[in-house]
Amino acid sequence: MPGSGINQDTVTPVVQELLPKGLREIHLSSGKWRDSKMQVRREGMNFGASVEHEWSVWGVDRKRLQRVRAAADLAWDQYWHTVGGDEHV
């Protein structure tokens, strides 16, 4: 089950290579750091993140996820068209 390094640029070759081998799932975070909406940022209070992301929140980037999904769907459709499949599962 592919998961590391999957993004809109890598998903197509991964799907093309692994669909014939039984690929049915892809996992990815599609995340990015966003500035926290915290209003009080006490100096010296540590949340355990790196200094660079001390006041940031990690979350899913919806547009990034949608681009990966669109690329994966296209690769899936192309694969099924190539092997003579007529249904989109």
At their closest point, which heavy atom of [X] faces which heavy atom of [Y], and how far apart are they?
{"X": "Asp61", "Y": "Arg34", "result": "CA-NH2, 3.6 Å"}
{"X": "Trp33", "Y": "Ser56", "result": "CE3-CB, 3.5 Å"}
{"X": "Ala71", "Y": "Gln8", "result": "CB-O, 4.3 Å"}
{"X": "Gly5", "Y": "Thr10", "result": "O-OG1, 2.8 Å"}
{"X": "Leu19", "Y": "Ala75", "result": "CD1-O, 4.4 Å"}
{"X": "Ser29", "Y": "Trp58", "result": "OG-CZ2, 3.8 Å"}

From Arg24 atom CZ to Trp76 atom CH2, the distance as rounded to the nearest 0.5 Å =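 Those atoms lie 4.0 Å apart.
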inquiry  = Working to the nearest 0.5 angstrom, can you tell me the gap between Leu23 CG and Gln16 CD?
reply    =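 Leu23 atom CG to Gln16 atom CD measures 11.5 Å (nearest 0.5 Å).
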message = Taking Ile26 as the starting point, is it possible to reach Val60 by hopping between hydrophobic residues whose side chains are less than 4.5 Å apart?
response = yes
query = Is it true that Leu74 and Val83 fall in one hydrophobic cluster, defined by side-chain heavy atoms closer than 4.5 Å?
reply = no
key: Heavy-atom side-chain proximity of Leu65 to Arg62 below 4.5 angstrom   = no
inquiry  = Do Ile6 and Val68 make a side-chain contact, defined as non-hydrogen atoms from C-beta onward lying under 4.5 Å apart?
reply    = yes
